[in-house]
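Below is one structure; the comments refer to it alone.
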Number of protein chains: 2
Amino acid sequence: MDTADRLIESTRELLWERGYVGTSPKAIQQRAGAGQGSMYHHFDGKPALARAAIERTAEEMSALAELQFTGPGTARERLTAYLLRQRDVLRGCPIGGLTQDPDIMADALLKAPVTQTLAWLRGRIADLVTEGVADGSLPPVLNPTNTAAAIVAAMQGGYVLARAADDPALFENAIAGILPLLGER
Amino acid sequence: MDTADRLIESTRELLWERGYVGTSPKAIQQRAGAGQGSMYHHFDGKPALARAAIERTAEEMSALAELQFTGPGTARERLTAYLLRQRDVLRGCPIGGLTQDPDIMADALLKAPVTQTLAWLRGRIADLVTEGVADGSLPPVLNPTNTAAAIVAAMQGGYVLARAADDPALFENAIAGILPLLGER
DNA sequence: GTCTATACTCGGATAGAC
DNA sequence: GTCTATCCGAGTATAGAC
C-alpha cells in the first residue's frame, strides 16, 4: 500500500470514528505514518482527502450489500440474509453517520456519495421487495418504496440505539422487530 | 430570559445544528449575545454548558412524547398519533444525533441523558405495545421489546434518510413502511 | 516525494479591571 | 455579572530545502 493509499485508509477510519469535523489533518498523517508535506503533495487538503475516503467507503458498502442481494434464495431469503449479516454495530454506519456532520452536509462534493449510496440501497431493496411480492415469498400487501425506506431506516436507527445504549443487542432487536413485516415470525 | 438561559438555549441550537465537536464557546456567546466573561461566570466551560443544554433537550423531548402517549384513544391510536406527529424532520433528532459525536460518547456526563432518553422512549413504547396487544388494538403476535426498538429505530433512521436525501418525505416513507406492523394499512 | 520551518487563525480557557 | 486582555495549543495550510 503506497502513501496515498495509507492516507485514504487512515482518513476512512478517522471519519468513521470521529466524523469529519472531529478529524484533523495531523491525526490523519500520524495514523498513516506520513508527514505534512507528503499529505499535501498527494492531496489538495482535508476536503479532497475526505472525498476520496468517502467515495471508497461508499463503493465498498454498496459492493458488500450487492453480494447479499445477488446471492442464492428467494427475494425474502436474500433480504433477511442481508439484515442478519454480521456487523460491527457499535461503530455505526460509516456512511449514514456522516449525515450528522455539518461540514459534510454543507459541501456538495462530500455529501453526494452519502446521498447516492443510501438512495441506491433503498432502490435496490425496493426492487427485492417487488420481486418477493411477485414470487410470493413476501406478503402481497407490501409497498416496495415504503418498505425499503423502513428497512434501511430500521438499520440506520438500530445503529443509533445500539450506540446510545452501548449494546449491540439493540440493533438486533430493531431488526427482529421489523422482520414480521416480511412475514417472518 | 436571563443570560444563563440564553446561553443554554444557544447551546441547544448549536448542538442540534453542528454537534458538540462543531460548536465553539465563541459561537455560543455570539448567538446568546453574551461575552466570554459572562459565559465563564455562569458555567465552568463548554462541557458544563453542553450538559445543561442536553439535559434540557432530553426533558423537553420526553415531555412532548409523553403528551402523545397519555392522550385519548386506544394504545394503537396513541402510538400512530405519535409516529405521525408533525416534526422538523430535516433538522434530525436533537438527542439521537448526538450518538455520532465522539466527544459526547466519550464523556459519561454528556452521554447519560442520551442513553437514558432513548431507553425511556423504548420502554414507554414497549408498554404501549403490551397494552395494545392486551386490549386487542394491536396484533397479538407482536414482541413489545423488539417492536419498540423497531419503531424508535425507524424514526431515528428516518431522520438519517431524510437528511441524506434532503427530503422530509423519506421520513414519512419509513414511518408508512412500519405501520403495517401495527396492523395499519 | 518527503521533510522541516513558518504562518495565521481558531478553540478553549484564565486573570484582573470595572 | 460583564468586559477586555492575554495565553497556549491545535487546526489547516504554504514555502522552500533536500
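Note on naming: letters A, B, ... go to the chains in the order of the sequence lines (proteins, then strands), and numbering restarts at 1 for each one. Computed from a predicted structure; not experimentally measured.
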So which protein nitrogen or oxygen atoms get under 3.5 Å of nucleotides 9-14 of chain D's nitrogens or oxygens?
unit_1, atom_1, unit_2, atom_2, d
dT12(D), OP1, K46(A), NZ, 3.2
dA13(D), OP2, Y40(A), OH, 3.2
dA13(D), OP2, K46(A), N, 3.3
dA13(D), N6, Q36(A), NE2, 3.0

Checklist entry - Which pair of heavy atoms, one from T3(A) and one from A34(A), lies closest together, and at what distance? => result CG2-CB, 4.1 Å

Next on the checklist: Other residues, nucleotides and ligands only: do more than 12 of their heavy atoms fall within 6.0 Å of CG on D2(A)?
Outcome noted: yes

Checklist entry - Just wondering, do R31(B) and R6(B) contact through their side chains at under 4.5 Å, heavy atoms? => result no

Next on the checklist: Between Q156(B) and Q156(A), is there a side-chain donor-acceptor contact under 3.5 Å, judged purely by atom types and distance?
Outcome noted: no

Next on the checklist: Counting C-beta onward and ignoring hydrogens, is there a side-chain heavy-atom pair between T99(A) and L161(B) closer than 4.5 Å?
Outcome noted: no

Item to check | Lys/Arg-Asp/Glu bridge criterion (N-O < 4.0 Å) met for D5(B), R56(B) | outcome: yes

Item to check | Boundaries of the DNA chain C segment in contact with chain A, non-hydrogen, under 4.0 Å | outcome: dG1(C) to dT4(C)

Checklist entry - Between K46(B) and D103(B), does at least one N-O distance fall below 4.0 Å, as a salt bridge requires? => result no

